[in-house]
2 protein chains.
Amino acid sequence: MSEVESFFKSAFSVDNVIFGFDGGDLKILLIQRGAAPYKGKWALPGDLVYPNEDLDAAAARVLEQLTGLKEVYLEQVKTFGSVNRHPLGRVITIAYFSLIKISNYTVTPASFAQSSQWVNVSDVEDLAFDHDEILASCLARLKRKVRTAPLGFELLPPKFTLSELQQLYDSVLNLPKKLDKRNFRKKILSMGFLVECDEVQEGVAHRPAKLYSFDREKYEEFLNEGYVFDL
Amino acid sequence: MSEVESFFKSAFSVDNVIFGFDGGDLKILLIQRGAAPYKGKWALPGDLVYPNEDLDAAAARVLEQLTGLKEVYLEQVKTFGSVNRHPLGRVITIAYFSLIKISNYTVTPASFAQSSQWVNVSDVEDLAFDHDEILASCLARLKRKVRTAPLGFELLPPKFTLSELQQLYDSVLNLPKKLDKRNFRKKILSMGFLVECDEVQEGVAHRPAKLYSFDREKYEEFLNEGYVFDL
DNA sequence: TAATATGGTGTTAAAAATACAATAAGTCTT
DNA sequence: AAGACTTATTGTATTTTTAACACCATATTA
């Protein structure tokens, strides 16, 4: 094999850390591998990139096949390419994370075929390949990004309470001390892109909270006035 | 060709945005392409990744071949993989940036063979491939990173004046208003990891400035006490 | 020695971050 | 129906951080 040919004895894949938020916990969607290598192990959903497919498109495809969801927040994080990361050859992988509203998740043929499962981020361990490391990178990115861009809303239903929003931040950031309720509300409301719906929570055994939604137009105005999201 | 084979008709490269700081300006090192495609155009230095070479190693190799420098700051930024980004086939590229002390730069056989040149970042335009976009990503990353980690020092000689340091920040950040001299000094010195050398500038036609150096141990202490670099 | 150039230094006012606790509005139990 | 229970909602005082701002010092060169 010539040297030039040997450059083409390689492939690339995408792997996707799919985040969801449910029951107060940050979760990711894992699949159990049905074939070697790492048969039976839990892994991040991923696939080889098709020869004429863009990278972002490949990540979106993996996501859609597994969840049925399109047009979700998707962000490239880092590329992992250690020579020996894949037992069967030189395969580098481009890691993405995506944020979905877990309530929209439905079981698809793909997720049915390869058993898949939502797992609390804090419980994940011992994934196939270098996926533990990939998860760590994506989680670190999410922690940073969620403080500097209005990403949290991608994980919540369209209408949510401020307590739910705060819980989300608490579980993503996982800080030694929870955020202060009054200060959190003051700050997030002062940015002016959360609007009150004329609705309250239902079916809770206590005082129902007001529902809010994220107003993207008002967020754009906020940016145009030179402010930056910072939490 | 089988479908599986077609996955292996692809290659990956690294491209490196090599930043230097000289004469008050932020610069990058470009090479002029000697062969098609884009023959004669200016481009970021890069190369295909060898079959048994890690990605970071490939980026370091490209850098060393061009500059003779080892052990420089190197950071992966983003992977570019549009289907048609390379005219000759499917080549995705992993973009890195590196920070070098431009005074250490020497012409190497590689940089001699392919004409190379330092160019002010603000003057760069119309690079080969998607390199304009790659540069934009790396520059954005540098702007962010330089405020949250002590990277600036990688671009300066071991001993520098506070004015030089501020000039560096001014030219990297390129803000509408320059930083305030007194506030800048107060803040950077208060972090406690810059130490005065017992030396002053020489050969300047005005009052010579004190020289400082970055003390990495003190920086580690600073971190261990729970502080974070923030400028 | 005067002109010129950059180095070096402190204070004050404004804004932002933090710490902190009592009342309100529902449901559930008895 | 009263009381217990649970979470929602709201404001103030303190501390910390940021931002704005101007003059004298020290060297070289003409």
Side-chain angles (χ1 to χ4, degrees), chain A residues 21 23-25 146-148 156-157 159-171 173 175-213 222 225-231, chain B residues 21-25 146-148 156-157 159-171 173 175-192 194-213 222 225-231:
Chain A
F21 179 69
D25 293 309
V146 87
R147 302 191 80 140
T148 54
L156 291 174
K159 296 176 180 181
F160 49 83
T161 71
L162 293 183
S163 293
E164 286 166 349
L165 185 61
Q166 187 185 335
Q167 257 185 64
L168 168 63
Y169 276 97
D170 278 326
S171 59
L173 297 175
L175 299 169
K177 299 174 186 180
K178 289 193 192 304
L179 301 172
D180 178 87
K181 182 154 54 165
R182 278 177 286 192
N183 294 337
F184 176 79
R185 291 157 96 99
K186 210 183 313 171
K187 192 157 186 180
I188 198 93
L189 289 177
S190 75
M191 296 197 249
F193 47 71
L194 288 191
V195 298
E196 275 189 40
C197 313
D198 287 330
E199 262 176 277
V200 294
Q201 257 182 327
E202 282 178 23
V204 289
H206 54 77
R207 173 175 178 180
K210 290 185 204 163
L211 292 174
Y212 289 81
S213 64
F222 170 83
E225 285 163 26
Y227 296 105
V228 289
F229 187 97
D230 176 48
L231 204 122
Chain B
F21 179 70
D22 190 32
D25 292 310
V146 88
R147 302 190 80 138
T148 54
L156 290 174
K159 297 175 180 184
F160 48 84
T161 71
L162 293 182
S163 292
E164 286 166 347
L165 186 61
Q166 186 184 337
Q167 254 185 67
L168 168 64
Y169 277 98
D170 277 328
S171 59
L173 297 176
L175 298 170
K177 298 174 188 180
K178 289 195 193 303
L179 300 173
D180 178 87
K181 179 157 60 163
R182 279 177 286 190
N183 294 337
F184 176 79
R185 289 169 175 239
K186 210 183 312 172
K187 193 158 186 180
I188 198 93
L189 289 176
S190 74
M191 297 196 250
L194 288 191
V195 298
E196 276 190 40
C197 314
D198 288 330
E199 263 177 274
V200 294
Q201 259 182 326
E202 280 178 23
V204 289
H206 53 77
R207 173 176 177 179
K210 290 185 203 162
L211 293 174
Y212 289 82
S213 64
F222 170 82
E225 286 163 26
Y227 296 104
V228 290
F229 187 97
D230 177 49
L231 205 124

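Just so it is clear: chains get the letters A, B, ... in the order the sequence lines come, proteins before strands, and each one is counted from 1.
- The side chain to side chain contact (heavy atoms under 4.5 Å, CB included) search around K186(B) returns N183(B), not counting sequence neighbours.
- Whole-Å rounding puts the L189(B) CG to dG10(C) C1' distance at 14 Å.
- A heavy-atom distance below 4.0 Å to DNA chain D is reached by these residues of residues 160-168 of chain A, ordered by number: S163(A).
- The nearest whole Å value for the distance from the CG atom in D230(B) to the P atom in dA16(C) is 15 Å.
- Side-chain atoms of D170(A) come within 3.5 Å of backbone atoms of L179(A) as a donor-acceptor pair (strictly under, hydrogens ignored).
- Across all strands, K187(B) comes closer than 4.0 Å only to sugar-phosphate atoms, never to a base (heavy-atom distances).
- In this structure, NZ of K181(B) is placed 14 Å from P of dG10(C), rounded to the nearest angstrom.
- In this structure, D180(A) places its CG atom 13 Å from P of dA17(C), rounding to the nearest Å.
- K187(A) is linked by a salt bridge (charged side-chain N to carboxylate O under 4.0 Å, His left out) to nothing, counting only residues two or more places apart in sequence or in another chain.
- In terms of modelled atom types and a separation under 3.5 Å, the side chain of E164(A) and the main chain of T161(A) share a donor-acceptor contact.
- Summarising the geometry, atom CZ belonging to F222(B) is positioned 5.5 Å from atom CE belonging to M191(B); distances are rounded to the nearest 0.5 Å.
- Atom CG in L231(B) sits 5.0 Å away from atom CD1 in I188(B) (nearest 0.5 Å).
- Scanning for side chain to side chain contact (heavy atoms under 4.5 Å, CB included) contacts around K159(A) gives C197(A), E199(A), L211(A), with sequence neighbours left out.
- Residues that satisfy the side chain to side chain donor-acceptor pair (under 3.5 Å) test with R185(A), not counting sequence neighbours, are absent from this structure.
- Here OG of S171(B) is found 4.0 Å from CZ of F21(B). Values are rounded to the nearest 0.5 Å.
- Taking a 4.0 Å limit (strictly below) on heavy-atom distances, residues 199-211 of chain A reaches DNA chain D at H206(A), R207(A), A209(A), K210(A).
- Rounded to the nearest 0.5 angstrom, L189(B) CG and E196(B) CD are separated by 8.0 Å.
- The ring pair (Phe, Tyr, Trp, His ring centres under 6.0 Å) check on F184(A) picks up Y169(A), with sequence neighbours excluded.
- In 5' to 3' order, the nucleotides of DNA chain D bounding all contacts with chain A (an atom under 4.0 Å from a heavy atom) are dT6(D) to dT12(D).
- Atom-to-atom, NZ of K178(A) to P of dC20(C) comes out at 17 Å; the value is rounded to the nearest Å.
- For V204(A), the side chain to side chain contact (heavy atoms under 4.5 Å, CB included) partners two or more places apart in sequence, or in a different chain, are Q201(A), H206(A), P208(A).
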Sub-3.5 Å pairs of nitrogen or oxygen atoms, protein against nucleotides 12-14 of chain C:
none

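- Residue F184(B) contributes atom CZ, which lies 14 Å from atom P of dT9(C) at whole-angstrom precision.
- Residues passing the side chain to side chain contact (heavy atoms under 4.5 Å, CB included) test with R147(A) are L173(A), L175(A), sequence neighbours excluded.
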